[in-house]
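Just the heavy atoms: all of them, side chains too, but no hydrogens, waters or symmetry mates, feed the values below.
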Amino acid sequence: MELFEFSNQTLMILGGFFWVAVFLWVWALIDIFRLSRNSHESPAPWLLLIILFPILGSILFFQIGKRRMKESKRTFDPKFNQD
């Protein structure tokens, strides 16, 4: 008798949740790097959160971080001397 016995249906459901979690994790990482180019906000805290807590970090990033990174846009404003 094994410690944990799962039916094939249970294993398929758990496998589906696993692949959804991996997809969210990869999507969040790609989004962080894509948005960090145009944002003043540092991506380091979001990367740390997503790496330590993949599912929770990804959900929090999509709910909070993505909006914040879009709102803090980097602008090009050179200050040249006009002598």
The reported gap from OG in Ser58 to CG in Leu29 (rounded to nearest 0.5 angstrom) is 7.0 Å

Leu48 and Ile32: same hydrophobic cluster, using ILVMFWY side-chain contacts below 4.5 Å? yes

task: Say whether, by atom type as modelled, one donor and one acceptor occur between the side chain of Trp25 and the main chain of Ile50 under 3.5 angstrom.
output: yes

Review point. Can you get from Val26 to Phe53 by hopping between Ile, Leu, Val, Met, Phe, Trp and Tyr side chains that sit under 4.5 Å apart?
Key: yes

Does one hydrophobic cluster hold both Ile55 and Leu60, with members joined at side-chain heavy-atom distances below 4.5 Å?
no

Should we count CZ of Phe62 as having more than 12 external heavy atoms under 6.0 Å?
yes

d(Trp19 CH2, Leu14 CG) to nearest 0.5 Å is 14.0 Å

query = Does a side-chain heavy-atom distance below 4.5 Å link Leu49 with Phe61?
reply = no

Open item on the list: Check this for me: Leu47, atom CG, are more than 12 non-hydrogen atoms of other residues, nucleotides or ligands nearer than 6.0 Å?
Closed with: yes

Count I, L, V, M, F, W, Y as connected when their side-chain heavy atoms are under 4.5 Å apart, and connections chain through other members. Are Trp46 and Ile51 then in the same cluster? no

Given the rule that I, L, V, M, F, W and Y join up when any side-chain heavy atoms are under 4.5 Å apart, are Leu35 and Ile64 in one cluster? yes

Between Trp27 and Phe23, is the gap from one ring center to the other below 6.0 Å? yes

